[in-house]
Amino acid sequence: AFTVNPQEGDGWLYIADIRNGLKDSVARGGSPRFSPGSDFVAYTIAPAASETRQAKRKKLKEDMMPKQDLEIRKLPGNEITTAKRIKSFSVAEEISSWMAYHMEKPILAKESADSAKTANGNSDVKKSKNNLKGSELVVYNPLSNTSFNFPDVTEYVVAKGGNSISFIQELPDTSLITGFRVSSFDCSKGIPVTLFEGRGSVIKITTDKPGFQTSFLYSADTSKTKVYTLFLSRSYAPSVSIVDTVNRSMPRGWSVSEN
């Protein structure tokens, strides 16, 4: 698969079958990713250039701007699944037929929360629903047409080895301290496993290549300057702290960097 993009205007994605020489084209397609077994190909569909120009002239807010879509095409054939308004997607490099895509927030999310606040006279509704930064993550197997949806996800990672898809979720709450859950989707069993829950801040989730080890940074601090601790989970077990400020290998006054 390859793309041809002009300096201005809309480009094309071309998908070729090297076995029989057949080639198909997709208007405004880009970023193609094949599954490890070439059973499907996933790619983005960019908004029309004219639509984006018009939105910029109107000076629309970022969440109201045209967003890219996702198409997932089963191979061989033309059976296509479409997801509207996505931030990103990821496909494993080995073994797995599972993939994940991260949705943009719904356009009406803010308006719905504000309306609920007005109707109920309850500012907690706005806090718990409107202030969350995360959005829906879809873990999807195109071959079996099986999907799992996880709300309020801030970060995710698909292991290159294809064994897991790990992600961080915000937990809606009326308190001033945001709650988080770290989970790992076991691709072999088709189930999510909770690795960690806590209040504060959770960032920088990553896995080893196979996907059996998941790490992330956690801080219980509520101030702008946070001191992070490195957590690690092995084989879907509950995560444990492995490096913090009292670790013997950490110089005095140092802490784990978020960078």
Side-chain angles (χ1 to χ4, degrees), residues 1-53 55 65-104 135-150 153 155-167 184-192 206-212:
F2 61 95
T3 57
V4 177
N5 294 302
Q7 188 171 356
E8 293 184 9
D10 298 324
W12 288 85
L13 166 68
Y14 295 92
I15 303 172
D17 189 333
I18 60 175
R19 294 169 296 185
N20 54 31
L22 294 177
K23 184 169 67 175
D24 197 3
S25 59
V26 182
R28 306 192 313 279
S31 304
R33 297 291 184 272
F34 286 91
S35 66
S38 294
D39 300 304
F40 66 85
V41 59
Y43 48 87
T44 58
I45 303 293
S50 58
E51 184 182 359
T52 301
R53 284 196 300 269
M65 291 289 290
K67 303 294 183 181
Q68 64 183 358
D69 298 333
L70 173 70
E71 286 190 353
I72 304 163
R73 179 180 298 200
K74 292 178 68 172
L75 301 173
N78 292 311
E79 183 180 340
I80 296 175
T81 300
T82 302
K84 298 292 186 180
R85 290 176 52 85
I86 70 153
K87 290 182 179 181
S88 64
F89 76 94
S90 185
V91 178
E93 295 181 3
E94 302 173 7
I95 302 174
S96 180
S97 296
W98 289 94
M99 61 170 292
Y101 55 91
H102 199 190
M103 308 291 293
E104 295 277 358
S135 57
E136 185 175 21
L137 177 74
V138 180
V139 176
Y140 181 54
N141 187 325
L143 303 187
S144 63
N145 196 30
T146 304
S147 63
F148 293 83
N149 297 50
F150 302 96
V153 171
E155 297 181 27
Y156 75 101
V157 58
V158 176
K160 292 182 178 181
N163 290 296
S164 69
I165 299 172
S166 299
F167 52 93
S184 188
F185 185 85
D186 184 339
C187 294
S188 64
K189 296 181 179 179
I191 58 172
T206 188
T207 69
D208 62 351
K209 183 176 180 179
F212 294 125

Where do K84 and M103 come nearest, in terms of heavy atoms and distance? O-CE, 3.0 Å
Is there a side-chain contact between L70 and Q68 (heavy atoms, below 4.5 Å)? no
Heavy atoms only: give me the nearest L13-P32 pair and the separation to one decimal. CD1-CG, 3.8 Å
Please tell me if the side chains of V153 and K87 come closer than 4.5 Å, counting only heavy atoms from C-beta onward. no
Let me confirm one number: the OH-OG1 distance from Y14 to T3, rounded to the nearest 0.5 Å. 10.0 Å
Tell me if the NZ atom of K160 is crowded by more than 12 foreign heavy atoms within 6.0 Å. no
Report yes or no: does S35 contribute a side-chain atom to a donor-acceptor pair with the main-chain N or O of F40 at less than 3.5 Å? yes
Roughly how far, to the nearest 0.5 Å, is the NZ atom of K74 from the CD atom of E79? 4.5 Å
Does H102 reach the side chain of S135, with side-chain heavy atoms less than 4.5 Å apart? yes
Pick from F150, Y101, Y156: which one makes a ring pair (Phe, Tyr, Trp, His ring centres under 6.0 Å) with F167? F150
Is there side-chain contact between S31 and Y43, with heavy atoms separated by less than 4.5 Å? no
Please report the closest heavy-atom contact between A159 and P210, naming both atoms and the distance. CB-O, 3.9 Å
Can you tell me how far CG of L143 sits from CE of M99, rounded to the nearest 0.5 angstrom? 11.0 Å
Any side-chain heavy atom of N78 sitting closer than 4.5 Å to one from D24? yes
So F34 and L75, do their side chains get closer than 4.5 Å, heavy atoms only? yes
Sorted by chain and residue number, the salt bridge (charged side-chain N to carboxylate O under 4.0 Å, His left out) partners of K209 (sequence neighbours excluded) come out as E94
List the atom of S166, the atom of S184, and the distance in Å for their closest heavy-atom pair. OG-OG, 3.0 Å
Got W98 and T146 here, is their nearest side-chain heavy-atom distance under 4.5 Å? yes
If the condition is salt bridge (charged side-chain N to carboxylate O under 4.0 Å, His left out), which residues does D17 pass it with, not counting sequence neighbours? R19
Do the side chains of I165 and C187 get nearer than 4.5 Å, heavy atoms only? yes
What are the two closest heavy atoms between D10 and P47, and how far apart are they? OD1-O, 4.2 Å
Atom pair CD1/CD1 of I80 and I72 - distance to nearest 0.5 Å: 10.5 Å
Chi angles and distances behind the side-chain contact (heavy atoms from CB on, under 4.5 Å) call for Y140, T81: CA-CA 11 Å; Y140 181 54; T81 300; 3.3 Å; yes
Of all heavy-atom pairs linking A42 and V91, the shortest is CB-CG2, 4.4 Å
For the CZ atom of F212 and the OG1 atom of T207, what is their distance to the nearest 0.5 Å? 10.5 Å
Between CD of E136 and CZ of R85, what distance do you get to the nearest 0.5 Å? 12.5 Å
